[in-house]
Asks: 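Take a look at this one; I'll ask things after.
Just so you know, these numbers come straight off a predicted model, no measurement behind them. Every heavy atom of this structure was used, including side-chain atoms; hydrogens, water molecules and symmetry mates were not.
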Amino acid sequence: MTGAWADTAYLIAGVCFILALKGLSAPRTARLGTLIGACGAALAVIVALTTPHLKHLGLIIGAIVVGTAIGLPTARQVRMTAMPQLVALFNGVGGGAAALVASVEFLRPGNAISDAATADLAAIGFTILVGGVSFSGSLITFAKLQELMTTRPVVLPAGRWITIGFAAAGVLSAVFLVPWPSTALMTLLALVSLVFGVLFVLPVGGADVPIVISLLNAFTGLTVAASGYVLGNTLLVIAGTLVGASGTLLTRMMAAAMGRPLTGTLFGAFTATASAAVGGGDGAAKPVRTSSPEDVAILLGYARKVVIVPGYGLAVAQAQHTVREVADLLTARGVHVSYGIHPVAGRMPGHMNVLLAEANVPYESLLELEAANSELASADVAVVIGANDVVNPAARQPTGSPISGMPILDVDLAQQVVFCKRSMRPGFAGVENELLYAANTSLLFGDAKESMAKVLAALKAQ
């Protein structure tokens with residue numbers, strides 16, 4: 001495909017990407033948006049493969065086959081609870097790929113390095129620097145989410161100065177690459193960027209990992225746009241800019257939802273200091289009130305308004321279908337049931353929305369933070385299923401804890417709270433939840449799916 005036809009096809013693909021983002025902005029159109037984006041990507045690949053004088057077509061086809069063989073079964077088999085890790089991993093691969101493309105273009109035979117345009121060298125340096133940070137940083141977020149390492153902040157001795165040193169070395173290497181391009185300097189830039197990516201993410205605590213995933217996604221988009229400039233590919237510039245802009249906006253929205261300034265995420269690695277671990281607490285030392293499934297069924301049966309607050313534990317137990325059955329039964333009996341969705345519930349943005357959509361929960365029943373808090377203030381019963389940090393009253397206290405200042409769902413304002421938990425362990429941020437010991441809270445211990453199935457059976461028996 002050549003000339004005007006290729007340009008037209010790229011324009012259509014770019015429009016598809018824009019429509020895809022528009023579709024993803026609402027639950028009802030998200031599936032269609034995904035399909036439109038996939039069609040745009042497929043069209044772009046076809047155009048690239050039909051470019052005249054394309055070399056190494058066999059290797060390209062082989063790489064596509066290998067990538068498909070790895071990516072397709074991985075994406076299909078991944079559990080919903082592991083989806084954030086997969087997103088982090090795929091995002092890192094995108095940033096790494098952009099950095100590799102820039103490096104290959106820098107070293108391409110027949111292209112005298114000293115003859116490269118200043119703008120091209122600047123774009124190459126930027127792509128390698130930011131792409132390397134995105135790649136290694138995403139690997140660390142993957143390790144944190146997969147619990148291959150601690151989810152708490154990791155602060156190295158003199159870590160602030162080490163991080164500042166590597167950041168300065170990375171920026172200077174990218175800058176010096178423009179007037180004095182060399183293979184040695186490019187290699188140094190790549191290595192420094194990889195180390196800085198690790199140092200950038202290590203001090204991030206579990207509660208802030210979703211924000212960092214979104215930020216690294218924006219980084220990847222920017223590297224793709226820059227690599228598009230290096231290759232002279234307009235579509236890569238469009239696609240990368242869209243991802244970078246949308247990722248930046250999402251990062252700002254999530255930072256606001258967490259009560260964090262965006263600068264805290266961007267520069268947290270430079271200001272991180274070692275602090276004492278925040279409570280796992282000794283849950284056995286404090287009295288708690290427990291309930292049986294039958295007790296919970298009675299409580300729900302006599303309620304007029306019930307708010308269900310889902311969290312990561314709901315995803316782990318795959319309890320969304322059972323919860324929806326309970327909600328449907330209560331609704332049929334005249335109980336007003338809604339779902340309070342915190343922006344960062346789960347491990348990534350929209351995690352709970354996707355989970356509940358899978359169970360065909362009506363979109364109008366899903367309430368965002370402010371609307372959910374209005375309902376909770378007058379709710380007879382709040383049922384917390386697997387959530388912890390997003391309902392923890394400790395966030396209201398300026399204690400310097402990992403969740404301090406984060407807006408939460410005001411579950412404690414409901415007349416009665418039912419807290420479904422496997423154990424008394426703290427949430428992902430490692431902060432003990434005082435709500436567990438409140439006078440109006442009763443705990444329903446056990447697997448969320450099994451517990452809600454027993455509640456459902458008790459409701460049917462009433």
Side-chain angles (χ1 to χ4, degrees), residues 7 10 14 17 44 48 51 91-138 163-201 212 214-249 251-252 262-263 265-267 269-270:
D7 292 339
Y10 278 147
F17 295 154
T51 300
N91 175 66
V93 169
L100 284 175
V101 167
S103 301
V104 170
E105 185 67 16
F106 183 82
L107 301 172
R108 184 161 59 91
N111 236 6
I113 294 176
S114 58
D115 294 337
T118 300
D120 288 343
L121 288 172
I124 288 172
F126 176 85
T127 303
I128 295 174
L129 174 62
V130 181
V133 171
S134 178
F135 176 71
S136 59
S138 294
T163 303
I164 292 174
F166 272 93
V171 172
L172 290 176
S173 298
V175 171
F176 290 157
L177 192 66
V178 177
W180 301 296
S182 69
T183 302
L185 190 56
M186 187 211 73
T187 304
L188 175 65
L189 172 60
L191 293 175
V192 168
S193 68
L194 291 173
V195 176
F196 175 61
V198 174
L199 296 173
F200 181 75
V201 178
V212 174
S214 178
L215 180 62
L216 293 175
N217 181 62
F219 284 0
T220 295
L222 294 176
T223 60
V224 169
S227 65
Y229 176 82
V230 172
L231 296 175
N233 189 305
T234 304
L235 184 62
L236 282 179
V237 175
I238 294 173
T241 303
L242 289 173
V243 173
S246 60
T248 301
L249 290 173
T251 302
R252 291 187 60 187
L262 186 56
T263 52
T265 301
L266 286 170
F267 305 113
F270 304 110

Asks: So, taking the atom named OH in Tyr229 and the one named OG1 in Thr241, what distance separates them when rounded to the nearest 0.5 Å?
Replies: 13.0 Å
Asks: For residues Val243 and Val224, determine if any side-chain heavy atom of one lies less than 4.5 Å from a side-chain heavy atom of the other.
Replies: no
Asks: For the residue pair Ser246 and Leu249, establish whether any side-chain heavy-atom pair is separated by less than 4.5 Å.
Replies: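 No, too far: nothing below the 4.5 Å cut-off.
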Asks: Working to the nearest 0.5 angstrom, can you tell me the gap between Phe176 CZ and Leu121 CG?
Replies: 14.5 Å
Asks: Can you tell me how far the OG atom of Ser173 sits from the CH2 atom of Trp180, to the nearest 0.5 Å?
Replies: 12.0 Å
Asks: Under the side chain to side chain contact (heavy atoms under 4.5 Å, CB included) test, which residues partner Thr187, sequence neighbours left out?
Replies: Thr183, Leu191
Asks: Is any side-chain heavy atom of Asn233 closer than 4.5 Å to one of Tyr10?
Replies: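 They are in contact (side-chain heavy atoms under 4.5 Å apart), so the answer is yes.
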Asks: Which heavy atom of Ala123 sits nearest to which heavy atom of Thr127, and what is that distance?
Replies: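 The pair with the smallest heavy-atom distance is O-OG1, 2.7 Å.
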Asks: Carefully, step by step, assess Leu231 and Val101 under the rule side-chain contact (heavy atoms from CB on, under 4.5 Å).
Replies: CA-CA 9 Å; Leu231 296 175; Val101 167; 3.6 Å; yes
Asks: Taking C-beta and beyond as the side chain, do Val230 and Phe106 meet within less than 4.5 Å on heavy atoms?
Replies: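 Answer no - side chains too far apart.
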Asks: Would you please test Phe200 and Leu215 for side-chain contact (heavy atoms from CB on, under 4.5 Å) and show each step?
Replies: CA-CA 11 Å; Phe200 181 75; Leu215 180 62; 3.8 Å; yes
Asks: Tell me the closest heavy-atom pair linking Phe17 and Leu242, and the distance in Å.
Replies: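 It is CB-CD1, 3.7 Å.
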Asks: Please find the pair of heavy atoms, one from Thr251 and one from Ser214, that lie closest to each other, and give the distance.
Replies: OG1-OG, 2.9 Å
Asks: Any pair with a residue in residues 215-227 that passes side-chain hydrogen bond (donor to acceptor under 3.5 Å, both in side chains), sequence neighbours left out, goes on the list, sorted by first then second residue, please.
Replies: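 For residues 215-227: Asn91-Thr220, Ser134-Thr220.
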Asks: Taking side chain as C-beta onward, heavy atoms only, is Thr163 less than 4.5 Å from Phe196?
Replies: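 With C-beta onward as the side chain, the pair touches.
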Asks: Heavy atoms, side chains only, cut-off 4.5 Å: are Leu107 and Met186 in contact?
Replies: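 Of all side-chain heavy-atom pairs linking Met186 with Leu107, at least one is under 4.5 Å.
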Asks: Of all heavy-atom pairs between Gly14 and Leu235, which one has the smallest distance, and what is that distance?
Replies: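 So the two residues come closest at N-CD1, 3.6 Å.
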Asks: Rounded at 0.5 Å granularity, tell me how far CD1 in Ile128 sits from CG in Leu188.
Replies: 11.0 Å
Asks: Would you name the heavy atoms of Phe135 and Gly92 that are closest together and state the gap between them?
Replies: CD1-O, 3.2 Å
Asks: Between Gly247 and Ala218, which heavy-atom pair has the shortest distance, and what is it?
Replies: C-CB, 3.7 Å
